[in-house]
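Just so it is clear, the model here is predicted, and its values are computed rather than measured.
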Amino acid sequence: AQPLSNQKLSWAEQTFSELYMQFGTVPKGANVVKTVTVTNPYKEDLQLTNIGTSCGCFTATTPKKVLKTHESTVISVSMNTIKFSGDRNANLD
């Protein structure tokens with residue numbers, strides 16, 4: 001993960017605990033999940049309206065889609081190691 005200090009971040013990027021994930025080399029068929037924390041530092045409610053990835057090789061889910069001030073949730077990103085192999089790059093949207 002890349003640290004967030006010393007970067008000029010958008011208001012949305014500032015809510016994420018990290019902006020980059022690397023899964024590394026994983027065995028075919030392995031259950032691979034990484035998480036990123038989203039925290040609302042703002043007075044207004046933060047609504048996560050649509051969570052997805054730019055590649056079908058990953059899926060993203062979260063248990064909570066509305067965050068009040070200072071509330072947090074975790075977005076879980078899973079890699080489909082059965083259907084896909086080789087290097088994969090995707091965006092969490």
Considering all heavy atoms, the nearest [X]-[Y] contact:
{"X": "Phe84", "Y": "Lys28", "value": "O-NZ, 4.1 Å"}
{"X": "Phe58", "Y": "Ala90", "value": "CD1-CB, 3.6 Å"}
{"X": "Lys34", "Y": "Phe23", "value": "CG-CE2, 3.6 Å"}
{"X": "Gly29", "Y": "Thr81", "value": "N-OG1, 3.1 Å"}

In terms of hydrophobic clustering (I, L, V, M, F, W, Y; side-chain heavy atoms under 4.5 Å; direct or indirect links), are [X] and [Y] co-clustered?
{"X": "Met21", "Y": "Val26", "answer": "yes"}
{"X": "Trp11", "Y": "Val66", "answer": "no"}
{"X": "Met79", "Y": "Leu19", "answer": "yes"}
{"X": "Tyr20", "Y": "Val33", "answer": "no"}

Side chains of [X] and [Y]: closer than 4.5 Å at any heavy-atom pair?
{"X": "Ile51", "Y": "Ile75", "value": "yes"}
{"X": "Leu46", "Y": "Thr15", "value": "yes"}
{"X": "Leu9", "Y": "Phe16", "value": "no"}
{"X": "His70", "Y": "Asn40", "value": "no"}
{"X": "Lys64", "Y": "Glu71", "value": "yes"}
{"X": "Thr35", "Y": "Val77", "value": "no"}

Would you sort out whether Tyr42 and Lys68 count as a side chain to side chain contact (heavy atoms under 4.5 Å, CB included), showing the intermediate values? CA-CA 8 Å; Tyr42 307 109; Lys68 302 279 186 197; over 6 Å; no
Taking CG in Asp93 as the centre, count heavy atoms belonging to other residues, nucleotides or ligands within less than 6.0 Å. Is the count above 12?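 Buried by this count: over 12 neighbours within 6.0 Å.
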More than 12 heavy atoms of other residues, nucleotides or ligands under 6.0 Å from NZ of Lys43: is that the case?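 No, NZ of Lys43 has 12 or fewer neighbouring heavy atoms, counting only those of other groups under 6.0 Å.
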Drop me the distance from [X]'s [atom1] to [Y]'s [atom2], to the nearest 0.5 angstrom.
{"X": "Thr69", "Y": "Glu44", "atom1": "OG1", "atom2": "CD", "result": "7.5 Å"}
{"X": "Cys55", "Y": "Leu92", "atom1": "SG", "atom2": "CG", "result": "12.5 Å"}
{"X": "Ile82", "Y": "Asn31", "atom1": "CD1", "atom2": "CG", "result": "9.0 Å"}

Give me the one residue out of Asp45, Thr62, Val38, Thr39 that meets side-chain contact (heavy atoms from CB on, under 4.5 Å) with Leu67. Val38
